[in-house]
2 protein chains.
Amino acid sequence: MKTNNPTQQAAVTTADKVFEQIQHAIVEGKIPSGSKISEPELAKRYQISRSTLREALNRLEKCHLIERKANVGSRVVQCSIEGLLELYITREALEGMACREAAKNMSDEEILHMQAMLKVHAQTQELKDGIAYYQEEGDLDFHYKVILGSHNKQLIELICGQLYHLIRMYRCQFGMNSPRASRAFDEHSRIIQAIADRDGELAEMLMRRHIAASRKNIENKIAEEITHKQQTNIQLIKS
Amino acid sequence: MKTNNPTQQAAVTTADKVFEQIQHAIVEGKIPSGSKISEPELAKRYQISRSTLREALNRLEKCHLIERKANVGSRVVQCSIEGLLELYITREALEGMACREAAKNMSDEEILHMQAMLKVHAQTQELKDGIAYYQEEGDLDFHYKVILGSHNKQLIELICGQLYHLIRMYRCQFGMNSPRASRAFDEHSRIIQAIADRDGELAEMLMRRHIAASRKNIENKIAEEITHKQQTNIQLIKS
DNA sequence: TTAAGTGTTATTGTCGACAATTTAGTGTCA
DNA sequence: TGACACTAAATTGTCGACAATAACACTTAA
């Protein structure tokens, strides 16, 4: 599984390695969202000193996976619907702009490479009818390439270095395996086309719509679940 | 001087205090941009242990003021024109969206409060002809209020918690004391109007133009300086 | 019964020392 | 002279112990 993003260099120090381990544990929910983190306990579990663990915790805080209060301690960030929607709003802003910049700054080779990638995705999608692989790897790959294509270090660092892990966390914990793979694929195609045409304005608009569509899709899903629960409750009351 | 932003809580631990001190030193250029940071030296200067200093360094890294390499050390971030322009691009994306969300989510009281604030700025501007105070405090205050008005924790954290200090650093080191105070004031007024009208789309557009205008202003200034230098060089050659 | 106060326990913050790695300098050989 | 290897110094990473702070349980008074 390709979980590491190309922006962060390989982990050399033990704090780095433990950071990655805990990161995965949090993303996958093995350390539950919202739970308190005990420094002595985690240090013992990973066989490291508390100083080293704290170094790892600092990096976790940097990518918004945990929150710290002075003299109180750390908690795994609490997943919530509001948090998810806020994250999407932020992505819409940042990735939209990244897409505009990509249309301006990507080299012709990069564009060709991305178009080739999309063709591979198309075939895989046809084969598997686009459920798991596409969303998990293909989608992330696509967004990655666009962001890196912006050639803007600030944007790259913010999205790939920080927000990326939070996004993955929500994907894991809310079980978001794309029900809109084929539509997303079309949207990706059009975005690349706009980038290839060097039409930054259109590229940004399309990317924003693409992400906004995802967000609305989730909002609807949530709304459905609520109505479903209410109906269940009504049935329970009636019975 | 009001340098702390309302988002981050008061410094309680000594690492926090040292963090703030070093932060100011970096922002004001007392620790030069691009210079290497010696842990033993800084620890001695601030009379703390290296562990505590490293804790402070971690926070500095979090707001992009220093960069660390494993087994090599930390450097103060290198100010550059490209970096500044990239920062503006990022601001345009984030603050634009924050402004859109502010139009949606700000309470009527908040809007009234912001309109009142602008009136104060107007008077101060008339008095002092809007040079120092306006740009340094007023402008930041305005942008702050808008960002906080978005009620989006993610956006607030990213802009106010992280990018803010970098912006201040560039402002200090590139000596950016607004030559466009009066124009900026008009732009602020129109943005608030759009927010009051709950017109998120317009509010975002105006904010983006506002920041883009700042960016272009800088680009021109840079271009001027380059031509000026070239002319000076030519004169030197001639003489 | 609730509220405030007090002492105990557990957790976090800070420290100094040691280990691992990088960097600088020196010397050797082609 | 330049390139390479090796040694020594300095810097960073890691550790365990102590100090300061917060959380908890218990007692006492209204």
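Atoms considered below: every heavy atom in the structure, side chains included; atoms not considered: hydrogens, waters and symmetry mates. Proteins come first, then strands; the chains are lettered A, B, ... in the order of their sequence lines, and each starts at number 1.
Between B:Glu219 and B:Lys216 there is no salt bridge, since none of the side-chain N atoms of the basic residue sits less than 4.0 Å from a carboxylate O of the acidic one. Taking 4.0 Å as the cut-off between side-chain N and carboxylate O, A:Glu204 and B:Arg208 count as a salt-bridged pair. Salt bridge annotation for B:Glu55-B:Lys17: absent, with no cationic side-chain nitrogen under 4.0 angstrom from a carboxylate oxygen.
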Give me the distances for all protein-to-nucleotides 16-19 of chain D N/O pairs that come in under 3.5 Å?
residue, atom, partner, partner atom, Å
D:dG16, O6, A:Ser51, OG, 3.2

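Note on B:Lys17: every side-chain N or O is 4.0 Å or more away from OP1 and OP2 of C:dG13. For D:dG13, one of the phosphate oxygens OP1 or OP2 lies less than 4.0 angstrom from a side-chain nitrogen or oxygen of B:Arg68. Considering only side-chain N and O atoms, A:Arg54 lies nowhere under 4.0 angstrom from the phosphate OP1 or OP2 of D:dC15. OP1 or OP2 of C:dT14 sits under 4.0 Å from a side-chain N or O of B:Thr13. Contact between the side-chain N/O atoms of B:Thr52 and the OP1/OP2 oxygens of C:dG13 is not found at any separation under 4.0 Å.
Residue B:Leu87 holds its CG atom at 12.0 Å from CD of B:Glu92, rounded to the nearest 0.5 Å.
Within a heavy-atom distance below 4.0 Å of DNA chain C, no residue of residues 40-47 of chain B is found. Of the residues in residues 56-64 of chain A, none lies under 4.0 Å from DNA chain D by heavy-atom distance.
A:Asp16 places its CG atom 8 Å from the P atom of D:dT14, with the value rounded to the nearest Å. Rounded to whole Å, atom P of C:dT12 lies 11 Å from atom CZ of A:Arg75. To the nearest angstrom, P of C:dT14 lies 7 Å from CD of B:Glu55. For B:Lys69 and C:dT21, the NZ to P distance is 18 Å, given to the nearest whole Å. Atom CG of B:Leu53 is separated from atom C1' of C:dG13 by 15 Å (rounded to the nearest Å).
Considering only residues two or more places apart in sequence or on other chains, B:Glu39 meets the salt bridge (Lys or Arg N to Asp or Glu O under 4.0 Å) condition with B:Arg50, B:Arg54. Applying the salt bridge (Lys or Arg N to Asp or Glu O under 4.0 Å) test to A:Lys44 and every residue at least two apart in sequence or in another chain returns nothing.
B:Gln162 and A:Gln162 share a side-chain donor-acceptor pair at under 3.5 Å. For the residue pair B:His151 and B:Glu110, a side-chain donor N or O sits within less than 3.5 Å of a side-chain acceptor on the partner. Using modelled atom types and a 3.5 Å distance limit, the side chains of B:Gln154 and A:Thr90 yield no donor-acceptor pair. Checking B:His64 against B:His165 by side-chain atom types alone, no donor-acceptor pair falls below 3.5 Å. Using modelled atom types, one finds a donor on one side chain and an acceptor on the other under 3.5 Å when comparing A:Asn58 with A:Arg68.
When distances are taken from the side chain of A:Val72 to each of C:dT23, D:dA22, C:dT12, the shortest belongs to D:dA22. The side chain of B:Asn71 has D:dG13 as its nearest neighbour among D:dA23, D:dG13, C:dT12.
Where the helix from C:dT1-D:dA30 to C:dA30-D:dT1 starts and where it ends, the local axes point in directions that differ by 20°; five pairs per end, rounded to 10°.
The residue from B:His143, B:Glu95, B:Arg91 that alone fulfils the side-chain contact (heavy atoms from CB on, under 4.5 Å) condition with B:Ile159 is B:Glu95.
Two residues are said to be in side-chain contact when any heavy atoms from C-beta on lie closer than 4.5 Å; A:Arg215 and A:Ile89 meet this criterion.
Heavy atoms of B:Ile37 sit under 4.0 angstrom from primed sugar atoms or phosphate atoms, though from no base atom.
Within 6.0 Å of atom NZ in B:Lys36, more than 12 heavy atoms from other residues, nucleotides or ligands are found, so the atom counts as buried in its surroundings.
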